[in-house]
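One structure below.
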Amino acid sequence: MNIYVIAVGQRLPRWIGEGYQEYAQRLPRQCSLSLVEIAPARRGKSGHPTQWRQDECRRLLAAVPPNSKVIACDERGQSWSTEEVARRLQIWMNEGQDVVLLIGGPDGLAPLCLEQATGLWSLSSLTLPHGLVRVILAEQIYRAFSLLNRHPYHRAS
Ligand SMILES: C[S@@+](CC[C@H](N)C(=O)[O-])C[C@H]1O[C@@H](n2cnc3c(N)ncnc32)[C@H](O)[C@@H]1O
């Protein structure tokens with residue numbers, strides 16, 4: 001099973017890439033994390049956020065591998081505890097179906113991206129910067145994997 005993080009945003013600060021890699025590289029092959037970066041829409045003076053979102057959404061969906069389960073990251077989605085993420089991760093690994101986590105750009109995800117997703121995952125009720133979201137996702141997937149494997153990285157409270 002591979003988890004694809006398909007995210008709007010290229011040429012982000014180096015610390016974002018380092019933070020993401022820090023956790024992604026710890027995951028084994030049976031639960032590997034792959035990042036696909038989508039260029040943000042050109043935000044000209046005459047354009048509108050709705051158009052930019054739609055353009056990004058079209059290219060995000062075009063990058064989704066066939067037969068994968070799509071989950072959209074959105075602050076208005078469902079909040080999952082670490083135990084819930086681990087439970088879902090176990091199901092995904094058992095099913096063997098690839099999973100896609102979509103991250104929008106500065107103007108968020110277009111309705112079509114939200115509709116195409118089987119679930120909306122809220123990492124917090126705060127609006128997070130899109131670059132930071134991929135780092136948090138990588139850490140949470142690694143934490144969930146650690147929990148499933150009783151690795152001391154995750155200490156249950
Ligand atoms: C800067 S945010 C976009 C904010 C936009 N105004 C909105 O309402 O969606 C960029 C992307 O990061 C992700 N994101 C930001 N905060 C999040 C959160 N708390 N939980 C899950 N995803 C989040 C979403 O994919 C969002 O489309």
Side-chain angles (χ1 to χ4, degrees), residues 1-24 26-27 31-65 68-92 97-148 154 157:
M1 191 260 319
N2 192 20
I3 302 176
Y4 293 88
V5 175
I6 308 185
V8 175
Q10 284 178 325
R11 298 192 208 94
L12 296 176
R14 198 168 67 183
W15 64 266
I16 298 267
E18 289 171 353
Y20 171 84
Q21 276 306 326
E22 172 67 32
Y23 300 105
R26 297 186 195 184
L27 286 159
C31 178
S32 62
L33 206 54
S34 307
L35 177 66
V36 180
E37 293 183 314
I38 302 295
R42 281 178 60 112
R43 285 162 166 75
K45 282 187 183 152
S46 59
H48 190 273
T50 306
Q51 284 171 291
W52 302 329
R53 268 196 298 266
Q54 281 170 353
D55 171 41
E56 289 165 354
C57 173
R58 191 176 42 74
R59 289 180 291 114
L60 282 166
L61 293 178
V64 170
S68 44
K69 183 192 290 285
V70 178
I71 293 163
C73 294
D74 189 280
E75 69 201 67
R76 291 149 294 239
Q78 274 189 319
S79 167
W80 299 341
S81 66
T82 296
E83 288 72 20
E84 175 63 12
V85 179
R87 191 186 71 79
R88 287 174 186 260
L89 185 63
Q90 184 65 70
I91 294 170
W92 299 340
Q97 184 185 16
D98 287 339
V99 172
V100 168
L101 302 172
L102 294 178
I103 305 175
D107 297 294
L109 289 168
L112 181 62
C113 273
L114 303 177
E115 286 158 21
Q116 295 288 310
T118 57
L120 305 187
W121 181 6
S122 168
L123 300 168
S124 150
S125 54
L126 301 171
T127 301
L128 303 169
H130 60 289
L132 192 55
V133 171
R134 66 180 70 174
V135 181
I136 296 173
L137 281 181
E139 195 278 339
Q140 286 299 310
I141 297 292
Y142 176 65
R143 180 175 294 279
F145 187 83
S146 301
L147 191 160
L148 291 175
H154 178 71
S157 48

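On a predicted model such as this, the values are computed, not experimentally measured, just so you know. Read the numbers this way: they start at 1 and go in the same order the structure lists the ligands and their atoms.
Below 30°, between 30° and 60°, or above 60°: for W80 and W121 the angle between ring planes is below 30°, a parallel geometry.
In this structure R88 satisfies the side-chain hydrogen bond (donor to acceptor under 3.5 Å, both in side chains) test together with E84, sequence neighbours excluded.
Looking at R134, its side chain never comes within 3.5 Å of a backbone N or O of H130 through a donor-acceptor pair. The closest donor-acceptor contact from the side chain of T118 to the backbone of V70 lies under 3.5 Å. Counting only distance, with no hydrogens or angles, the side chain of R59 and the backbone of A39 share a donor-acceptor pair below 3.5 Å.
Counting heavy atoms from C-beta outward, Y20 and V133 have side chains that stay 4.5 Å or more apart.
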If you look at each N/O of ligand 1, which protein N/O atoms lie under 3.5 Å away, and at what distance?
residue, atom, partner, partner atom, Å
ligand 1, 8 (O), R76, NH1, 3.2
ligand 1, 8 (O), R76, NH2, 3.1
ligand 1, 9 (O), R76, NH2, 2.9
ligand 1, 16 (N), L128, N, 2.9
ligand 1, 19 (N), S124, O, 2.8
ligand 1, 19 (N), L126, O, 2.7
ligand 1, 20 (N), L123, N, 2.9
ligand 1, 22 (N), D74, N, 3.4
ligand 1, 25 (O), C73, O, 2.6
ligand 1, 25 (O), G104, N, 3.0
ligand 1, 27 (O), G104, N, 3.4

